[in-house]
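Note sheet for the following structure.
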Amino acid sequence: MASSVWQKSSYSAANDTCVEVRTVNGLVELRESDTGDIIVRTTPTKFAKFLQGIKAGEFDHHA
């Protein structure tokens with residue numbers, strides 16, 4: 001991922017409230033499309049570990 005353009009989650013389909021992600025200056029940025037002024041920034045390594053945790057069900061108890 002090497003783009004400064006926001007990309008929507010593939011799970012959001014045509015929904016306007018979704019997670020968006022982009023890279024800027026070597027960092028990964030995430031935001032909710034309906035609250036675009038709040039941006040979370042992290043490193044690619046930490047983002048990859050976060051995604052691995054999601055896929056492993058590590059955060060399911062928060063849902």
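Bear in mind the structure is a predicted one, so any value in this text is a computation, not a measurement.
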**Study point:** Donor-acceptor under 3.5 Å (Thr42 side chain, Val28 main chain)
**Key:**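 No.
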Exercise for review: Kindly compute the distance separating CZ (Phe50) from CG (Leu30), expressed to the nearest 0.5 Å.
Suggested key: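 Separation between the atoms: 7.5 Å.
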Check your understanding: Hey, what do you get for CD (Glu20) to CD1 (Ile39), rounding to the nearest 0.5 Å?
Key ->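 Atom-to-atom, Glu20:CD and Ile39:CD1 are 10.0 Å apart.
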Nearest atoms (heavy-atom pairs only) where [X] meets [Y]:
X     : Y     : result
Val5  : Arg22 : O-CB, 3.5 Å
Val19 : Glu32 : CG2-OE2, 3.7 Å
Glu29 : Val24 : OE1-CG2, 3.8 Å
Cys18 : Lys8  : SG-CG, 3.4 Å
Pro44 : Gly26 : CD-O, 3.4 Å

Exercise for review: Give the cluster check for Phe59 versus Phe47: same hydrophobic cluster or not, with ILVMFWY residues linked at side-chain heavy-atom distances below 4.5 Å.
Suggested key: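 Both belong to a single hydrophobic cluster.
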Check your understanding: If two hydrophobic side chains count as joined below 4.5 Å and joins carry through other members, does Leu27 share a cluster with Trp6?
Key ->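 In one cluster with Leu27: Trp6, no.
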Review point. If you count the non-hydrogen atoms of other residues, nucleotides and ligands that lie under 6.0 Å from CG in Asn25, is the total more than 12?
Key: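 No, the 6.0 Å shell around CG holds no more than 12 heavy atoms from other groups.
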